[in-house]
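Notes to accompany the following structure.
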Amino acid sequence: MNKHLVTWSFGLAGLAALLGVWALAAWRVADDPLLGQFAPWPTLQTLLELLASSDLWQHVLLSLKRVFVGLGLALLAGVPTGLLVGSFQRIELTTTPAFQFLRMISPLSWMPLAVMLLGVGDAPIYFLLAFAAVWPIMLNTAAGVKALDPRWLQLTRSLSATRLETLRHVIIPGVLGHVLTGVRLSIGILWIVLVPCEMLGVSAGLGYFILDTRDRLAYSELMAVVLLIGVLGFFLDAGARMLYRRVVHG
């Protein structure tokens, strides 16, 4: 049997089992008119209605924009820092304790300070997302530099290559797979951190939409948006995996 067909079959079976658990849990509370709104069928109906409107798409596109801006800022900071840390042992020894300390602080802990310093709006969200995403990118880039075959670097020196040429033709292609691994990990972190970040006094985004549905007691809409967040996150991760395969193995 085709390997991809087997993979898809097991994956669909797992999703069907998850749907069955959801339906069973909803059936147990079907008599409660409030909790009944969380059942699969009302949720799917509401999701289709929301997708047919332009309002939800505005929230989705704005959230995706914030994710990609945060990821871009993390790449701008994480890749050069990772190259330095991986290339020079003294820099690694000096910065590792500080980086490990900062990495273990939850990005959401910085929310009050981010709002105080950057104000209300997109700026604190971009900062929090970039802070959350930078560590996997930086650490994977540094690991990629240290994993380079020393013979490649010896060859560039024997050919009298400049540092810029070595960076462009040896180091960056050699660490690209590690960088993309860090990007995939960062996307997962970004998507998790995004929703609470969008509860920071903004007027649009999926996090804001969840708060709005809660305040309106529109629980079927709330569950529909939760389901949509899972679907979008799934496709973001699938896109990152596809990019990794195309770049590294292609």
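Residue V67 is not grouped with residue L185 when hydrophobic side chains (ILVMFWY) are merged at heavy-atom distances under 4.5 angstrom, including chains of intermediate members. Hydrophobic cluster membership is shared by I187 and F68, with clusters built from Ile, Leu, Val, Met, Phe, Trp and Tyr side chains linked at under 4.5 angstrom. The hydrophobic clustering, which links ILVMFWY residues whose side-chain heavy atoms are closer than 4.5 Å, places L102 and L113 together. A continuous path of ILVMFWY side-chain contacts below 4.5 Å connects L211 to M111, so both sit in one hydrophobic cluster. Put simply, I125 and V69 are part of two different groups of oily side chains (I, L, V, M, F, W, Y) that touch within less than 4.5 Å, one to the next.
Screening L176, V179, L180 for a side chain to side chain contact (heavy atoms under 4.5 Å, CB included) involving Y244 leaves a single residue, L180.
Heavy-atom minimum distance, A204 versus R66: O-NH1, 2.9 Å. The shortest heavy-atom contact between E92 and T96 is O-OG1, 2.5 Å. Smallest separation of non-hydrogen atoms from S109 and P112: O-CD, 3.6 Å. When all heavy atoms are compared, the tightest approach of P196 to I192 is CD-O, 3.4 Å. Taking all atoms of both residues into account, the shortest heavy-atom contact from G144 to V175 is C-CG1, 3.5 Å. Considering every non-hydrogen atom in both G119 and P124, the closest pair reads O-CG, 3.1 Å.
Side-chain atoms of N140 come within 3.5 Å of backbone N or O of P136 as a donor-acceptor pair.
The number of heavy atoms from other shown groups lying within 6.0 Å of CZ (R216) is above 12.
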Item to check | Residue pair V85, F99: steps toward the side-chain contact (heavy atoms from CB on, under 4.5 Å) verdict | outcome: CA-CA 11 Å; V85 171; F99 287 155; 4.0 Å; yes
Item to check | Audit row: T141, H178, side-chain contact (heavy atoms from CB on, under 4.5 Å) steps and yes/no | outcome: CA-CA 6 Å; T141 302; H178 287 78; over 6 Å; no
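Atoms OG1 and CE, on T46 and M223 in that order, are 11.0 Å from each other to the nearest 0.5 Å. Atom CG in L50 sits 5.5 Å away from atom CG in L56 (nearest 0.5 Å). Here the OG-CG distance, from S186 to L75, works out to 7.5 Å after rounding to the nearest 0.5 Å. Atom CG of L148 sits about 8.0 Å away from atom OG of S87, to the nearest 0.5 Å. Considering CE of M104 and CH2 of W135, their distance stands at 11.5 Å, rounded to 0.5 Å. Rounded to the nearest 0.5 Å, atoms CG (L71) and CG (L64) are 12.0 Å apart.
Between V115 and W110, the closest side-chain pair of non-hydrogen atoms is not below 4.5 Å. Residues L62 and V202 form no side-chain contact, since every pair of their non-hydrogen atoms from C-beta on lies 4.5 Å or further apart. The shortest distance between side-chain heavy atoms of V134 and T81 does not fall below 4.5 Å. A heavy-atom distance below 4.5 Å is not found between the side chains of M138 and R103. With a 4.5 Å cut-off on side-chain heavy atoms, F131 and L128 do not count as touching. V193 has its side chain within reach of L129: a pair of non-hydrogen atoms, C-beta onward, lies under 4.5 Å apart. Contact check for L227 versus L44: side-chain heavy atoms found under the 4.5 Å cut-off. No side-chain heavy atom of E221 sits less than 4.5 Å from a side-chain heavy atom of E49.
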Table please: side-chain donor-acceptor pairs of residues 228-238 below 3.5 Å, with sequence neighbours left out.
{"unit_1": "D237", "atom_1": "OD1", "unit_2": "R184", "atom_2": "NE", "d": "2.8"}
{"unit_1": "D237", "atom_1": "OD2", "unit_2": "R184", "atom_2": "NH2", "d": "3.2"}
{"unit_1": "D237", "atom_1": "OD2", "unit_2": "R241", "atom_2": "NE", "d": "3.0"}

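With sequence neighbours excluded, the residues that form a ring pair (Phe, Tyr, Trp, His ring centres under 6.0 Å) with F209 are H59.
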